[in-house]
Amino acid sequence: TQPGFGAALVSFPKVPRIGLDIRVAGGEVTKVPWLRSELMTVIQKSITDELLWPRRLVIPSMVPGSGLLKPKPILSNRELDSLVTTDPLLQVEKALAEKPVLRETMKSDKPD
């Protein structure tokens, strides 16, 4: 069966706080203050550059393959690329708000 969506969009409204402990060969690397600071700076910058709204990560839904076939995305590469820069739900909401009938209904529903 196919999923009911073509892709999941992931982004953060503000920079998240991240806790980080890295162990290498039994020693905790993040105990070294300057190294911890450098790692956190790089991670925070990466998240800000790639996942802070309006930027987003597009995770495509896949159609399962059968036998030796690999799973393939439901949406085309062009559609997936467009999701990086556009927001389909926001576009539909704006289009609905522009319709005169809906606009009049919204005005009449407001309490005076």
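What you see is a predicted model; the values in this text were computed from it and never measured.
Once rounded to the nearest 0.5 Å, the distance linking OG1 of T41 with CH2 of W34 reads 12.0 Å. The CD1 atom of I43 lies 6.0 Å from the CE atom of M40; values are rounded to the nearest 0.5 Å. Separating the CG atom in L75 from the CG atom in D81 is a distance of 11.0 Å, to the nearest 0.5 Å. Here K70 contributes atom NZ and M62 contributes atom CE; the two are 10.0 Å apart, rounded to the nearest 0.5 Å.
The backbone N or O of D49 sits less than 3.5 Å from a side-chain atom of R55, completing a donor-acceptor pair.
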Can you list the steps and then say if S76 with E79 is a side chain to side chain donor-acceptor pair (under 3.5 Å)?
-> CA-CA 5 Å; S76 69; E79 291 169 318; 3.3 Å; yes
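Pairing each heavy atom of L80 with each of V58, the nearest pair is CD2-CG1, 3.9 Å.
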Ignoring hydrogens and angles, write down the donor-acceptor pairs under 3.5 Å from the side chains of residues 7-20, residues two or more places apart or on other chains.
none

